[in-house]
Amino acid sequence: MAELEQARAWIAAATSLAVLTGAGISAESGIPTFRGAGGLWRDYKPEELATPEAFARDPRLVWEWYNWRRELIAKAAPNAAHRALVELEKRKPGFTLITQNVDGLHDRAGSGKILKLHGDIWRMRCTACGANWSDRRAPLPKLPPHCACGGLARPGVVWFGEPLPDGMMKEAEHAASSAQVVLVIGTSAVVHPAASLIPCARQAGAKIIEINTEETAASARVDCALRGPAGELLPLLL
Ligand code: APR
């Protein structure tokens, strides 16, 4: 496969590399993606549940969804694609991992620094006092969970319409625009600002390699589109 060889050569030659991952990298670990086949929960779209408005309207419903996801993720293990990125990080002096995933599988695989654009499903934040803490219980004993102060707790993730963690997008843009190669793995590339990192990197001259089982919103504007499961393709690129 000529495309695979081309991608391998670009990666081998690069000293600076950035990676953007999405839900598809965890699909082979058994975690459903948000969009596409099997990506929905009780017929709700992520845009209907992952919003401050949905939480204000029905915190219990939103927490039921997160509780379900926490249970699935707790049972899952990192796959060959997560592990390949750990190996790549060891080989490249300039390496930045940017993820939209909140599942923590990159951490569990052993990746070092991770820019978690959309937060972390294992963190909680109090809607009253602002305290934030880690809670790895799955399932949670009582829904919705509360803070020690008595306030309602929310998941420590970024919802639609909310800003990304302070300064993180700037750091991600810097990494994407200074990388020679950018790998875009398992994302439908429709959620912004994360998806805007792809044109941002391309404009700055990076070679963009996409790994996805399907064509995406970004496919027409990448330098190399590899079709197949990340857990199979990524190890072949190293
Ligand atoms: N290998 C590679 N890609 C895969 C695989 C696989 N094994 N399985 C599925 N995919 C691809 C799908 O083809 C799809 O393009 O992964 C992508 C998953 O897309 P989404 O479900 O839209 O996930 P993502 O792009 O991460 O969503 C972005 O949306 O709901 C929000 O905050 C949530 O971070 C998430 C954001």
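Numbers for residues simply follow the sequence, beginning at 1. In each ligand, atom 1 is the first atom listed, and ligand 1 is the first ligand listed.
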- Message: So, using side chain to side chain donor-acceptor pair (under 3.5 Å) as the criterion, who are the partners of Glu71 when residues are at least two apart?
- Response: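 If we apply the side chain to side chain donor-acceptor pair (under 3.5 Å) test to Glu71, skipping adjacent residues, there are no hits.
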
- Return the minimal non-hydrogen interatomic distance between Ala14 and Lys92, and the atom names on each side.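 That closest heavy-atom pairing would be O-NZ, 2.8 Å.
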
- Message: Using a 4.0 Å cut-off on heavy atoms, what residues surround ligand 1? Order them by chain and number.
- Response: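 Gly22, Ala23, Gly24, Ala27, Glu28, Thr33, Phe34, Arg35, Pro46, Gln100, His118, Phe160, Gly186, Thr187, Ser188, Val191, Asn212, Thr213, Glu214, Thr216, Gly228, Pro229, Ala230.
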
- Who are the side chain to side chain contact (heavy atoms under 4.5 Å, CB included) partners of Leu72, not counting sequence neighbours?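 Once residues adjacent in sequence are excluded, the partners of Leu72 under the side chain to side chain contact (heavy atoms under 4.5 Å, CB included) criterion are Pro32, Trp68.
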
- Residue pair Arg202 / Lys207, side-chain heavy-atom distance below 4.5 Å: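 They are not in contact (no side-chain heavy atoms under 4.5 Å apart), so the answer is no.
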
- Answer yes if the ring centres of Trp65 and Tyr44 are under 6.0 angstrom apart, and no otherwise.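 Between Trp65 and Tyr44, the centre distance exceeds or equals 6.0 Å.
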
Could you list the donor-acceptor pairs under 3.5 angstrom formed by side chains in residues 137-152, with sequence neighbours left out?
residue, atom, partner, partner atom, Å
Arg137, NE, Asp135, OD1, 3.1
Arg137, NE, Asp135, OD2, 3.3
Arg137, NH2, Asp135, OD2, 2.8
His146, ND1, Pro144, O, 3.2

